[in-house]
Amino acid sequence: MMPRFEIIFPDNLSDALSVLSSGHEHMQIIAGGTDVITGLGQGSNRFKNTKMLIDINNIPEVNGIEIGREKISIGGAVTFSDILQSEFIERSFPLLWKSVSTIGSVQIRNRATIAGNFVNNAPCADTVPVLLVYNATIVIESMSSKREISLYEFLSGPYKTKLSRNEIVTRINIPIPNKNLNGDFYKLGRRRAVAISRITLAVLADVNSESKINEIRIASGAVTPIGTRFFDLEKIAKGKKADDQFFKDMAGKLGEKIIEVTGLRWSSEYKLPVVQQVFYQLLKGIERG
Amino acid sequence: MEVRFKLNGKEVATATASNIRLIDLLRDKFNLTGTKEGCGIGECGACTILMDGRAVNSCLVLAAQANGKEIITIEGIADGDILHPLQRRFLSNGAIQCGYCTPGMVLSASALLSQNPDPSEEDIKEAIAGNLCRCTGYKQIIDAVKETAKELQLKQ
Amino acid sequence: MNKGFSVVGKSVIREDGIDKVTGKAKFADDYKFDGMLHAVMLRINEAHARINSVDFLEIENNRNVFSIISSADIPGAKKVGMIKNDQPIFCDEKVVTPGDVIAMLVGESEDGLRPLLSKIKIDYSPLPVLNDPKKSLDKDAVLIHPEAGSNLIIHHPLRKGDIQKGFDESDEILEQTYTTQLIEHAYIEPEAVIAIPQGISQGVKIIGSIQNPFSCRRIVAAVLNLPLAKVRVQQAHLGGSFGGKDDTMAILAARAAVAALKTGRPVKIRYSREESILESYKRHPYILDYKAGYMKNGKIKAIKIELLADGGAYTSMSPFVTWRSVVQATGPYEIENVHTDVRAVYTNNPYTGAMRGFGSPQPIFAQESLMDEIALRLGMTPDEIRRINGYKVGSVTATGQTLKDHDVNLITVLSTACENTDFAKKWKNNLKKKSVALELSKDSPILKDDQFIRPDDNIKKGIGLALSFRGCSLGAEGMDASAAYISIQNDGSVYLDCGLAENGQGLRTTYTIIASEVLGVSPDKIIYLELDTGITPDSGPTVASRGTIMGGGAVKNAAETVRDKLTALVKEEFKLPADDIISFTDNHVHSESEGTLASFQDVCKIASSQGMNLSAIGWYKGPNVHWDEETGQGDAYFTYVYGCQVAEVSVNISTGEVYIDKITAVHDPGTVINRLGAEGQVFGGVTQGAGYGIFEEVTTDKGFIRELNFDTYTIPTSKDISEIIPIFVEGKESYGPWGAKSLGEPTLELTAAAISNAVCNALGKRLFNLPLNLEEVLLNIKLRPADTKRGSLV
């Protein structure tokens, strides 16, 4: 059952920000609504006191995908389906395209937005590990300020971020990766479609012709409290030879790191060995650059 | 508040509350009960409608968000008394059992065919993966969509 | 098989298809009435508690509350049940499972009522919670229904031969324990019902998503203390049931009816998915202990079986569900010495009842796993061991029944399935490729170097089969008869109705085909009437895959009654010799001597002008069966069907994922009447069976369900099964319309067992516990969260 609330449809950013800055509590931004409307309907604590919804779909500043020379900029209200329709993203950000293609169903992707995915920040949010390895930054605006921070910094805990009550995520900026970075996205669910992720992994690596790792970026979802990067592992890997033994060592280290961050949970007995196994297999894909 | 939108080809305007979902507006106000509720959380697809040509779960859209949009429900997919080719193929392939998922299934398939006139079997499965069916095992539905695609291609 | 039919066995478009594909078909929640009120349920967050008092004071005068309905408002039976009256309509004294409803608020809108529920003060004392069925019969176990004296719902013993002697004479003994899980029907339409008061003299009318209008009527009438005739139940289009919209719907209908009579206004109850999963009954989880004694040549000498079914909080259909288990628990194998005990017990878990398969998928999983294990130990292929032991004509079943008077096609379906899949060759090949199943070390969760699997080695192929026999219709569960009504209009169009309710599977189309075949009129001339208990004769429930064999028999009888009258008429009218053969085809009536005589329409016109009654009630009564409760011996069912399914799977040995590449489903349903419908039954049944096999599970924590919606209760999507091949072997049968029997349940009952055998073939290790989800396949364990909390709702 839905609580009572108001809904407004500002058609420009400053109107939206001005409403947000008015200081009223319990305002909630809505774009796709796939988390907000279900949350409202199910009486989720995060949404149950909502008094006003601000629908940002009509705001030009948060729409559209802009392709620049060094980065792309995706609007906060851009849907997953919009992303799948972008050939540029499919070509230049294959991990992002792949992760988006595994999310929910067509109906969900037609509504849900990429910004909503990380603003909701479920532990299993599928695009988070991918955006993390692409070094995505996000533009956050309020009436009085505009700041750009890394997504990594933005995510603070399960279903928690550093977004303030008076702010909107207007853009997601992703630097176009250097051509030598290759990698893959992996998702494990309980069935083949419309599945909540049990494990997600994203790896991007630059391996030279002598199999030396110039750079590697590693992130996971659903195995840690929130999607996260593994900078320690990345440092260790830099300069090392990308061979089978090293991948096994890395996989074991990932397992140790996950225990360190997450502790042992009810699902660990399954997830820990499997995440090492699939991480190893993902690394095998970058063996020869 | 008032919302105006195009519903099955006709401009409509109606008063609604902000916390009313589009599915409720369609069923209660417009008596378009072909749109079904199965889960209320966007998992089953029984409430699928077309919004500006895209398949969406009407349980996850607020009525107010339909303002200015073009909405097509199962009642608006046929051309008067002439069934949509998908509807005919659903019948001839036995793609219907209890029929509760059928409206959503037809609309998801129609959105697919308007975007991709020559879908592979995988494309079809992906297009209806958000429409749960407990009776048919999907096979005859997939066949119906395949045959419709062929029929529509021949026409062009 | 072509028997010279013109409509039977052909692809015919569903008679309700156009309404369904255009969205016009009205399901229960699509009905609205002037002045209609809505009702919401009051529950507490306890699985077992004594209710001391319920205080409505704070909401009594709230403007959104039109009426408060509780047990005190019930004029008749306060407890009901399909078999035993142990389920309260309102639990005002005690709740025994979390779905229990204490009272109901009625008002203009659900939204107005829901916030008021938390303002009702309920004083209750929690009682110890019993969740483990293995502890139900312990001396110190808390009694769920103390008046029953024990937590035992039912015990079905079966004794044949001398079990000890059988074991003594066996070369080898194998003992195994298997378990199966609680699952949800997951019909896509949640429950909805409306009760409409009909004035003091007329009682009440019920419209709802009701599987069995007649059993619903019986319960509503008992609760209202009204004669049956004053409760009219009309079935709305039913959005799936699979056995699941029986007890729950009868109780919802009774609640709505009590409220309708109290308020004098129509009252609707509609459930959200969460409420549906919370309150509705489910499939029984079983613990299955099997001990088999067998000879080196493969012959099974003796089998001792102990099955324990968790009935949950109420009796529901447990006695009948477990009765089918006791009859079929050995599988389709002739075994001299059998000793079976099947028990169902009470717990505080969600209650369990009828679900497609009805006590057969559980023992089939166990017995078919066991057969494969014995084959492996003896160095035989799975089909070899089954050929040795499988039923043939004249075989005697575990209940002492001799199989005769029909094609005992067990070995035929087995051979057909094996030939179509190249079974034995593939099975042996897969076995040779020993997989390196991940063995985890207990002391360190970090993988050792030799435990890593190269990406190319992830996928192992497996093939497995399962075989079953299944008794048709109710068997010795109860009286077995059905009725149909036919009325031919003077223009040759036809009204048809049958007391067996459409469940979405296409019964009405099957009946239309049967009437069409008999009368020679095209199916579009036959108008199928809505089932209304006020008009249609009681035909028992649509259960036990009895729709075609029983209802079809009644429809055929009705149509033939009228056709015989028309035959006599045309002979007289056209002055034909008495021994002339009259046939009805292509909307015309023909004679062997004269050729086409007249159109069907013209013949009906003549009949009408002569004042002939062209309506009839058809009847079909199953032959007698008998059963001895003490020994479990008797002719349990009057006939049987046979099926064999072969599953081909890909198992990912790194993650435990099972992907179903192909299921070949070979069934002998007797004569196929409705081709599209029959194939649809196979596709749908196999898909449900696959969900049961690999991921569906309702898990509970102290009786509370974790998977309350389709995000966590995952049923198969369009992408989860690659290919299903239906093959029909149409055996001869003397019962049913032209020898048509049963298909709906056989299609489902085999799939999980076949998949499990295939997974075993791929992995080289056996799995004993359904479902074969990620954790089970990889680690042979079930992992559960510590509680029922959802992160997203915090």
Side-chain angles (χ1 to χ4, degrees), chain A residues 1-4 35 38-39 41-48 104-105 120 122-124 158-159 186 188-196 198-199 225 244-245 247-249 251-256 258-259 264-282 284-285, chain C residues 40 110-115 272 274 438 440-441 444-458 652-657 659 691 694-696 708-712 714-722 771 773-776 778-779 781 783-787 790-794:
Chain A
M1 192 198 62
M2 294 268 185
R4 282 175 197 280
D35 288 317
T38 48
Q42 297 187 320
S44 153
N45 280 333
R46 287 182 293 151
F47 302 114
K48 71 176 180 196
S105 58
N120 188 54
C124 55
Y159 303 99
Y186 175 83
L188 175 71
R190 289 202 183 271
R191 64 180 175 193
R192 292 259 158 155
V194 204
I196 299 169
R198 305 286 299 145
I199 295 175
D244 193 68
Q245 185 56 49
F247 293 155
K248 288 176 178 169
D249 295 345
K253 287 201 170 63
L254 179 76
E256 284 164 8
I258 289 171
I259 298 173
L264 290 175
R265 300 209 169 171
W266 66 269
S267 55
S268 300
E269 199 171 344
Y270 172 81
K271 281 188 175 180
L272 267 176
V274 175
V275 74
Q276 295 170 64
Q277 194 72 259
V278 295
F279 181 54
Y280 161 76
Q281 297 186 355
L282 208 55
K284 294 292 280 180
Chain C
V40 300
E110 281 181 44
D111 284 357
L113 295 170
R114 275 196 206 285
S272 65
E274 285 84 359
L438 188 58
L440 295 166
S441 135
S444 165
I446 303 305
L447 295 185
K448 298 195 177 52
D449 285 354
D450 60 357
Q451 290 180 310
F452 286 98
I453 298 163
R454 305 177 77 83
D456 296 344
D457 296 332
N458 272 341
N652 184 322
I653 57 167
S654 295
T655 60
E657 289 165 280
Y659 185 66
I694 64 175
F695 46 55
E696 285 182 36
L708 286 171
N709 207 324
F710 287 140
D711 50 348
T712 45
T714 48
I715 65 170
T717 70
S718 55
K719 294 182 81 173
D720 290 296
I721 297 161
S722 189
N773 60 15
L774 303 174
E775 294 86 355
E776 181 66 39
L778 206 63
L779 307 166
I781 50 170
L783 294 176
R784 310 259 188 268
D787 52 37
R790 298 284 307 276
S792 61
L793 295 182
V794 173

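Throughout, a chain's letter reflects where its sequence line sits, starting with A, and its residues are numbered from 1.
For A:Asn120, no part lies under 4.5 angstrom from a heavy atom of chain C. Only the side chain of A:Arg198 comes within less than 4.5 Å of a heavy atom of chain C; its backbone N, CA, C and O stay farther away. With a 4.5 angstrom heavy-atom cutoff, C:Asn773 touches chain A only via side-chain atoms. Interface remark: A:Ile259 contributes side-chain atoms only to the contact with chain C (heavy atom separation under 4.5 Å). Residue A:Ala193 touches chain C through both its backbone and its side chain, counting heavy-atom pairs closer than 4.5 Å. Contact annotation for C:Asn652: neither backbone nor side-chain heavy atoms come within less than 4.5 Å of a heavy atom of chain A. C:Ile694 does not touch chain A: none of its heavy atoms, backbone or side chain, sits under 4.5 Å away. Residue contact with chain A, scored on non-hydrogen atoms closer than 4.5 Å, involves the backbone and the side chain of C:Arg454 alike.
Interface summary for chain A: among C:Pro785, C:Pro455, C:Ala786, the most heavy-atom pairs under 4.5 angstrom belong to C:Pro785. Heavy-atom pairs under 4.5 Å with chain C peak, among A:Arg265, A:Met2, A:Gln245, at A:Gln245.
Not a single donor-acceptor pair under 3.5 Å links the side chain of A:Gln277 to the backbone N or O of C:Thr655. The main-chain N or O of C:Glu776 is never found under 3.5 Å from a side-chain atom of A:Tyr270 such that the two would form a donor-acceptor pair.
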message = Between C:Thr714 and A:Ile196, does the side chain to side chain contact (heavy atoms under 4.5 Å, CB included) criterion hold? Intermediate values first, please.
response = CA-CA 10 Å; C:Thr714 48; A:Ile196 299 169; over 6 Å; no

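Salt-bridge annotation for A:Arg191 and C:Glu696: absent, with no side-chain N of the basic residue lying under 4.0 Å from a carboxylate O of the acidic one.
Remark: C:Ile446 CD1 to A:Leu254 CG distance equals 8.5 Å, nearest 0.5 Å. The line from CG of A:Leu272 to CG of C:Leu447 is 9.0 Å long, rounded to the nearest 0.5 Å. Within the model, atoms CD of A:Glu269 and CG of C:Leu783 stand 5.5 Å from one another, a figure rounded to the nearest 0.5 Å.
Taking A:Arg192 as the reference, C:Tyr659, C:Lys719, C:Asp720 meet the side chain to side chain contact (heavy atoms under 4.5 Å, CB included) condition, with sequence neighbours excluded.
The closest side-chain donor-acceptor pair between A:Gln276 and C:Gln451, if any, does not fall under 3.5 angstrom.
In this structure, the side chains of A:Val274 and C:Leu774 stay at 4.5 Å or more apart for every pair of heavy atoms.
The two residues A:Lys248 and C:Phe452 make their nearest non-hydrogen contact at CG-CD1, 3.4 Å.
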